[in-house]
Amino acid sequence: MPKFSIDYKIPHSAQDGYKKIKKVLSDGGELKKFDSNIQCTFDDPNKTLSVKGAQFKAEMAVQDKGDDESNIAIKVDIPFLLMPFKSKITESLQKMLQKHFG
């Protein structure tokens, strides 16, 4: 399956950013519109999480950049047939992050 990456800078510490993204994804509400079988696995010590659905997989890591800034690195793994929608998927993820992080 093809993979692509998204990096999104947030004006929060890595710890605060991870707590916020964990809260957003715990119920899977925003991602359930893409796939109703979403399952999230959280790794608190490493500030990473895995998202698995029927049609895709994603890995997210919140990385500290200092001075109350951090980066959310997302690696998305989708089937080849969904690659034409890569830009739409990227746009949707960025809108979700912007909604919650500004």
Side-chain angles (χ1 to χ4, degrees):
M1 291 199 309
K3 297 179 184 182
F4 63 94
S5 298
I6 301 167
D7 286 322
Y8 191 84
K9 293 181 183 178
I10 59 173
H12 299 282
S13 68
Q15 187 65 32
D16 291 343
Y18 177 74
K19 285 180 186 177
K20 197 167 200 175
I21 198 74
K22 182 178 179 180
K23 182 180 177 186
V24 169
L25 296 178
S26 288
D27 65 357
E30 292 192 42
L31 294 178
K32 289 206 185 244
K33 64 184 175 183
F34 298 111
D35 189 336
S36 61
N37 297 320
I38 294 287
Q39 293 180 349
C40 296
T41 306
F42 301 96
D43 182 0
D44 295 340
N46 293 317
K47 298 179 193 75
T48 62
L49 59 105
S50 299
V51 180
K52 290 184 183 179
Q55 295 294 318
F56 71 95
K57 296 179 196 172
E59 301 287 329
M60 295 184 188
V62 182
Q63 305 156 335
D64 193 17
K65 296 295 180 186
D67 296 330
D68 281 340
E69 289 185 348
S70 52
N71 186 58
I72 299 176
I74 306 170
K75 293 180 184 172
V76 181
D77 193 359
I78 58 174
F80 185 73
L81 291 174
L82 292 179
M83 277 307 284
F85 301 103
K86 175 185 166 190
S87 62
K88 185 67 175 169
I89 294 167
T90 300
E91 180 182 316
S92 296
L93 287 170
Q94 288 175 333
K95 280 184 181 180
M96 181 189 75
L97 292 170
Q98 185 173 16
K99 174 182 172 185
H100 294 285
F101 292 104

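FYI, the numbering just counts along the sequence from 1.
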Return a table of donor-acceptor pairs under 3.5 angstrom between the side chains of residues 47-54 and protein atoms on other chains or two or more places apart.
{"from": "Ser50", "atom 1": "OG", "to": "Glu59", "atom 2": "OE1", "distance (Å)": "2.8"}
{"from": "Ser50", "atom 1": "OG", "to": "Glu59", "atom 2": "OE2", "distance (Å)": "3.1"}

For this session: May I have the step-by-step check of side chain to side chain contact (heavy atoms under 4.5 Å, CB included) for Leu93 and Tyr8, ending in yes or no?
Result: CA-CA 10 Å; Leu93 287 170; Tyr8 191 84; over 6 Å; no
For this session: Might you work through the side chain to side chain contact (heavy atoms under 4.5 Å, CB included) test for Met60 and Leu25, ending with a clear yes or no?
Result: CA-CA 11 Å; Met60 295 184 188; Leu25 296 178; 3.8 Å; yes
Problem set entry | Minimum heavy-atom distance Pro79-Pro2, with the two atoms named | C-CD, 3.8 Å
For this session: Might you point out which heavy atoms bring Ile6 and Gln94 nearest each other, and give the distance in Å?
Result: CG2-NE2, 4.1 Å
For this session: Please step through side chain to side chain contact (heavy atoms under 4.5 Å, CB included) for the pair Met83 and Ile78, ending with a clear verdict.
Result: CA-CA 7 Å; Met83 277 307 284; Ile78 58 174; 3.6 Å; yes
Reported [atom1]-to-[atom2] distance for the pair [X] and [Y], which is rounded to 0.5 angstrom:
X     : Y      : atom1 : atom2 : value
Lys23 : Lys19  : NZ    : NZ    : 11.5 Å
Met96 : Ile74  : CE    : CD1   : 6.5 Å
Ile21 : His100 : CD1   : NE2   : 7.5 Å

For this session: Check whether any side-chain heavy atom of Leu97 sits under 4.5 Å from a side-chain heavy atom of Ile10, and report yes or no.
Result: no
Exercise. Would you call Thr90 and Phe4 a side-chain contact if the rule is heavy atoms closer than 4.5 Å?
Worked result: yes
Exercise. Ignoring hydrogens and geometry, is there a side-chain-to-backbone donor-acceptor pair from Lys3 to Lys75 under 3.5 Å?
Worked result: no
Name the atoms and distances for all side-chain donor-acceptor pairs under 3.5 Å in residues 38-45, with sequence neighbours left out.
{"from": "Asp43", "atom 1": "OD2", "to": "Asn46", "atom 2": "ND2", "distance (Å)": "2.7"}
{"from": "Asp44", "atom 1": "OD1", "to": "Tyr18", "atom 2": "OH", "distance (Å)": "2.6"}
{"from": "Asp44", "atom 1": "OD1", "to": "Lys22", "atom 2": "NZ", "distance (Å)": "3.1"}
{"from": "Asp44", "atom 1": "OD2", "to": "Lys22", "atom 2": "NZ", "distance (Å)": "3.1"}

For this session: State which residues pass side-chain contact (heavy atoms from CB on, under 4.5 Å) with Asn71; sequence neighbours excluded, sorted by chain then number.
Result: Asp7, Lys9, Gln63, Lys65, Ala73
